[in-house]
2 protein chains.
Amino acid sequence: MEIDARVEAWASLQLLPRVSARALVALLKSFGGPAQVLAASPAMLAKVVPAEMAAAIARGPDAAMLEQTLAWLREPGHALVAWDDPAYPHALLSIADPPPVLYLHGRSELLNRPALAIVGSRNATMQGRETAEAFAKALSDAGLTVVSGLALGIDAAAHRGGLTGTGASLAVVGTGIDRVYPAANRDLAHRLAAEGGVLSEFALGTPPLPGNFPRRNRLISGLARGVLVVEATLASGSLITARFAADQNRDVFAIPGSIHSPFSKGCHRLIKDGAKLVESAQDVLEELGLGSSAVTPAATAPGVIGGDAARVLTALGYDPAGIDALSTRCGLPADVVSVALVELELAGDIAGLPGGLYQRLR
Amino acid sequence: MEIDARVEAWASLQLLPRVSARALVALLKSFGGPAQVLAASPAMLAKVVPAEMAAAIARGPDAAMLEQTLAWLREPGHALVAWDDPAYPHALLSIADPPPVLYLHGRSELLNRPALAIVGSRNATMQGRETAEAFAKALSDAGLTVVSGLALGIDAAAHRGGLTGTGASLAVVGTGIDRVYPAANRDLAHRLAAEGGVLSEFALGTPPLPGNFPRRNRLISGLARGVLVVEATLASGSLITARFAADQNRDVFAIPGSIHSPFSKGCHRLIKDGAKLVESAQDVLEELGLGSSAVTPAATAPGVIGGDAARVLTALGYDPAGIDALSTRCGLPADVVSVALVELELAGDIAGLPGGLYQRLR
């Protein structure tokens, strides 16, 4: 991608390990945008975040790591997608902790297509992998992008099936986007980058750290309308993804199996806890309210808005802002701005961010 | 049993085909008891029921059929249990249409023990029959009487398991109690009569009429606290029993299986409609609010197999598959797979299914 000041600022902020998403929200609220945050003095920053964090921001990122990141971003098909980017997945804006920055290798238009996550055990049975691939192909052909975690077993089969269909497939990885883990999935990762997409919230070069994979799972569920668990032992990480899905108000689907198979026990646990038992891709589509017809990407005809809402939208621009800032910018009372924001959100023009910020979507 | 006037009157009323249970309630209310109903004049009867029914009651039952019934009742272990009998199953009094009279061959004390119905397809898989027997034994050992319908397949396996445990087993048959249907279950019927019980609401000599079996199913569910469906096709009569159970406020339990097995489709349908997915007898006991006293089904020691057979067994997984699919999965010629399947079947590791499919058993 082309690197401008905004992209460089987001990449810099992403490389500052001490700045939490929560602190970043406060900083953006105070300073307006990522470049303004980086340009602020330690004294100004310290009014919003602890002194140690303010000092880290003022120092900026490690120059070599930033250069490495920017070099990666300059390659064709590589991109950084941040909160204030229209390509940022809207679905992630509704989860508890959306990553401020995502690295993407692949097709950015897939980030805002209706998606379904398909996950399961790494050491699944051959039958389980065949089932995952068949469901993924059918759901992809119905227009859903198949999201998974690039693990061996069910994940890899789901990606393959998704790529075969028209909806393609997205992998959310638990390492830096420039690393492929596990190595056995190298060819699949290249295919995903070429025909679908690979996403990471982690800094380039991040190795496979055990703690990062469960955390990454919230994005697999968060990107999707629902999570389908194909085969899972009781220890499978896919149960974590299913739990995230439930917390994020996504549907959870599970495929049953023999009570004598350890690879069905996780799915049975989920069904006992309220997941929907599904026997076919059609079952999933019906539960999602998609019937038998192919899913078409949401028509994004701009809503017809006027008056105060139009003023608020113009004032919002493409940087996140809160009600108070918008009220000042528009010269409108806060309650009028608040009503306008609800209208704009319903019309699909903006989305709420954590910390009372709003983000323009188009 | 000893025949007194009350028993003879109930047997007589049971033989009058035109007298519905509803009419009988009205008659008993008006005249006090079965003997008084039979002693009433047609004019008195016609004040309560239509004239034609009144005439039929005044004429009384066919003398030969009554004598045959009384002769059967005089045999040891044979009994008539009517609404006004303390031995009548209390559980049936809460259903919509409890039969006024039940014929019993066996232990009357079982009629008022906590019971669980276990039902399923007649042509179930070997794995399904083993599962039914194991669950039945464990639930019987936990003190539940296992109720079923004396059909082939799951029913017969459930009776066998129930008889092995301490709770014993009751069969509710769809024919006259003096007939055994199907004939293949003759030995099992004799064992049930000796160690458990066989029940019928139909007149002696009633042949197996298709319409009577679904009707009989309301008693299987009605006698029990819940109905467990082990394996069922979508056409299985056990889905009717499950429906009765739901209407009668009994729990419905279903055992899941492969989405590729036709014998699991009925169970999956039930789970989608709200039945509780269960993986063990313990699950059933917990749902019923009963203790943890159940014995878990005994684990069978895995057979010692090797070479091609081990590869085929691994490739089979826990879903049914045919020779061609297994050949592809293992990369072995079909004839080698075929030999391996025979070895595995002899070792008890797999079972053949209809349609050339094979099913892993452990």
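Below, all heavy atoms of this structure are taken into account, side chains as well, without hydrogens, waters or symmetry copies. Here is the naming used below: chain letters follow the sequence lines, and residue numbers restart at 1 for every chain.
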(Q) Counting only heavy atoms not in A/R191 (residues, nucleotides, ligands), do more than 12 fall under 6.0 Å from its CZ? (A) yes

**Q.** Salt-bridge criterion met for A/R269 and B/E279 (N-O under 4.0 Å)
**A.** no

Q: If a pair satisfies side-chain hydrogen bond (donor to acceptor under 3.5 Å, both in side chains) and one of its residues is in residues 143-156 of chain A, list it, with sequence neighbours excluded.
A: A/S148-A/D155

Q: Would you mind checking which part of B/Q359 comes under 4.5 Å of any heavy atom in chain A, side chain (CB onward), backbone (N, CA, C, O), both or neither?
A: neither

**Q.** Positive for side chain to side chain contact (heavy atoms under 4.5 Å, CB included) with A/H268, one of B/L277, B/V278, B/D283
**A.** B/L277

**Q.** Over 12 foreign heavy atoms within 6.0 Å of OH, A/Y181
**A.** no

Q) A/S236: what forms a side chain to side chain donor-acceptor pair (under 3.5 Å) with it, not counting sequence neighbours? A) A/S238

Q: Identify which of A/K265, A/H260, A/M126 forms the greatest number of heavy-atom pairs closer than 4.5 Å to chain B.
A: A/H260

Q | Separation between CZ of B/R329 and OG1 of A/T125, rounded to the nearest 0.5 Å | A | 8.0 Å

Q) Can you tell if the side chain of A/P256 reaches within under 4.5 Å of the side chain of B/I259, non-hydrogen atoms only? A) yes

Q: Counting only heavy atoms closer than 4.5 Å, note whether A/S280 contacts chain B via side chain, backbone, both or neither.
A: neither

Q) B/T131 versus chain A, heavy atoms under 4.5 Å apart: side chain, backbone, both or neither? A) side chain

Q. With chain B, which of A/G257, A/S258, A/S264 has the greatest number of heavy-atom pairs at distances under 4.5 Å?
A. A/G257

Q. Measuring heavy-atom distances to chain B, does A/I271 have an atom under 4.5 Å in its side chain, in its backbone, in both, or in neither?
A. side chain

Q: Please examine the side chains of A/K272 and B/K276, heavy atoms only from C-beta on, and report whether any two atoms are closer than 4.5 Å.
A: no

